[in-house]
2 protein chains.
Amino acid sequence: MAQTDTVTRILDTAEVLFAERGFAETSLRTITSKARVNLAAVNYHFGSKKSLIQAVFSRYLDPFTTRFHRALDELQARYGDEVIPLEVLLETMARSVLEVPAERNSLKVFMRLLGLAYSQAQGHLRRYIQEEYGSVFARFTELVRQATPELPDAERFWRLHFMLGTVIFTLSGLDALRDIAEKDYGEHVTVRDLIRRLRPVVVSAMQAPLPAPPPRE
Amino acid sequence: MAQTDTVTRILDTAEVLFAERGFAETSLRTITSKARVNLAAVNYHFGSKKSLIQAVFSRYLDPFTTRFHRALDELQARYGDEVIPLEVLLETMARSVLEVPAERNSLKVFMRLLGLAYSQAQGHLRRYIQEEYGSVFARFTELVRQATPELPDAERFWRLHFMLGTVIFTLSGLDALRDIAEKDYGEHVTVRDLIRRLRPVVVSAMQAPLPAPPPRE
DNA sequence: TCCGGTTATAAACGACTGTTTCAAACGTAG
DNA sequence: CTACGTTTGAAACAGTCGTTTATAACCGGA
């Protein structure tokens with residue numbers, strides 16, 4: 001079937017180019033010519049550039065949320081009524097992320113896309129992701145809440161986003177950082193390597209002492 | 001003098017629009033019409049859009065690096081040959097960042113710009129910032145090295161970038177996050193508030209235990 | 001007052017953007 | 001084999017983009 005081939009060739013090419021240059025900087029002509037596909041094919045199969053962008057995201061996020069939900073199911077079955085420790089939760093999330101590239105392209109592309117989704121103001125994208133995948137995140141944060149009962153709700157909210165920032169920022173800007181690190185420390189860094197380094201940092205950050213109360217004025 | 005007025009009006013308008021939408025998504029026509037300035041004025045005064053972007057950055061980064069260098073001078077004078085504690089270094093950097101909006105527009109814009117500089121691939125910007133302001137960062141990292149002698153160099157490098165990610169990511173995406181936080185916890189969050197919350201997190205993260213050695217293969 | 005260099009303006013340039021059109025090719029069910 | 005819905009193809013559309021050009025306005029010094 002030629003149709004499916006065209007569709008996946010567009011998606012395969014688009015995700016790489018989007019990850020490399022961003023959405024606005026990647027034209028449909030660049031995508032279609034690199035994918036050796038007619039220009040009109042994008043609008044025919046996806047309707048618009050916006051929809052193409054969302055389709056690129058779905059192809060990563062759908063497998064991820066499926067896996068993540070399943071992993072949380074197993075975790076809750078295993079722990080029953082007991083509280084799942086924070087380290088286990090974080091570990092599970094990390095593993096779910098790492099498993100995505102098994103069926104999709106590369107973890108690097110996945111992370112770059114997530115980074116773009118946050119940094120690019122692109123209102124429609126944030127809304128789309130929030131609506132489509134907000135429930136997994138809600139489920140995860142609830143489990144984190146049970147694992148860190150000593151944290152005030154607001155504090156936990158912010159710390160989770162701090163850590164989200166750490167991971168997405170680092171992994172999505174990895175290429176640039178890797179160049180520097182390689183030059184200065186002669187060490188070639190893999191993504192798995194970085195995740196190994198991230199683990200203790202994230203755990204310590206989540207368990208940091210509470211901040212001093214705001215100064216009275 | 002009408003010239004300077006035009007120049008600053010372009011810069012004032014451009015920095016806000018860039019921070020809101022990104023560089024590619026902000027056209028010169030949008031900038032000039034909002035600034036009530038002729039379209040050709042940008043190319044006349046700045047030469048090109050690229051140069052305008054760099055000029056916007058300089059107007060924030062120049063005051064920041066000046067202040068930061070001066071603050072580090074004072075710190076080294078005060079501590080003499082003694083090692084400056086990590087908390088003090090981080091505190092000093094935070095204060096230098098916070099002081100910038102005193103002479104420029106808003107901290108929010110500053111942070112958004114930094115976030116864009118990282119996330120947008122825009123090769124020329126990263127190169128420009130690295131060349132122009134790399135020395136302050138090098139000075140700071142050397143002081144951090146002395147403050148954390150137990151950390152392997154590579155580990156410290158990565159952790160510093162982790163924390164950079166945390167701060168820039170959080171503060172540059174603040175508007176979106178603030179909306180959620182306000183809705184869920186009814187708490188209006190200021191930037192100073194966030195920095196207060198960030199402090200213990202960053203310190204704990206930098207002092208986290210070393211990661212497990214990479215698995216043998 | 002007239003000059004000369006700096007700044008402002010309007011208009012146009014060519015290149016590129018996402019999208020649409022419509023005819024040609026295709027693949028399959030009858 | 002024919003007819004029909006799906007998919008491709010080349011071309012054009014209507015805009016927008018950054019940049020350039022040529023002309024006009026400005027303004028302090030001679």
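Convention: sequence-line order gives letters A, B, ...; per-chain numbering from 1. Heavy-atom basis, side chains included; hydrogens, waters and symmetry copies ignored. Source: prediction; values computed, not measured.
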**Message:** Could you tell me how far apart B/I53 (CD1) and D/dC17 (P) are, to the nearest whole angstrom?
**Reply:** 14 Å

**Item:** Protein-nucleotide distance (B/N38, atom CG; C/dA8, atom C1'), rounded to Å
**Value:** 6 Å

**Prompt:** Tell me: CZ of B/R9 to P of C/dT7, nearest whole Å?
**Reply:** 15 Å

**Message:** Suppose the criterion is ring pair (Phe, Tyr, Trp, His ring centres under 6.0 Å): which pairs have a residue in residues 177-198 of chain A, not counting sequence neighbours?
**Reply:** A/Y185-B/F157

**Asked** Is B/R67 salt-bridged to B/D62, cutoff N-O under 4.0 Å?
**Response** no

**Request:** Kindly give the heavy-atom pair with the smallest separation between B/T190 and B/R178, and that separation in Å.
**Result:** CA-NH1, 4.2 Å

**Prompt:** Closer than 4.0 Å, any side-chain N/O of A/H45 to the OP1 or OP2 of D/dT8?
**Reply:** yes

**Item:** Where at least one partner belongs to residues 133-143 of chain B, residue pairs that pass salt bridge (Lys or Arg N to Asp or Glu O under 4.0 Å), sequence neighbours excluded
**Value:** B/D73-B/R139, B/E142-B/R145

**Item:** Minimal non-hydrogen separation, A/L11 against A/V56, with atom names
**Value:** CD2-CG2, 3.8 Å

**Asked** Can you give one letter per nucleotide of nucleotides 13-24 of chain C, going 5' to 3': B for a protein heavy atom under 4.0 Å from the base, S for sugar-phosphate only, - for none?
**Response** ----BBBBB---

**Request:** Note down the inter-axis angle between the two ends of the helix from C/dT1-D/dA30 to C/dG30-D/dC1, five pairs each, to the nearest 10°.
**Result:** 10°

Which donor-acceptor pairs under 3.5 Å do side chains of residues 160-171 of chain B form with protein atoms, sequence neighbours excluded?
unit_1: B/T166; atom_1: OG1; unit_2: A/T166; atom_2: OG1; d: 2.5
unit_1: B/T166; atom_1: OG1; unit_2: B/F162; atom_2: O; d: 3.0
unit_1: B/T170; atom_1: OG1; unit_2: B/T166; atom_2: O; d: 2.6

**Item:** Inter- and intrachain pairs under salt bridge (Lys or Arg N to Asp or Glu O under 4.0 Å), touching residues 27-44 of chain B, at least two apart
**Value:** none

**Message:** Could you check, using the six-membered ring where one of them is a Trp, whether A/F68 and A/F140 have ring centers closer than 6.0 angstrom?
**Reply:** yes

**Prompt:** Does the side chain of A/T6 get closer than 4.0 angstrom to OP1 or OP2 of D/dT7 through an N or O atom?
**Reply:** no

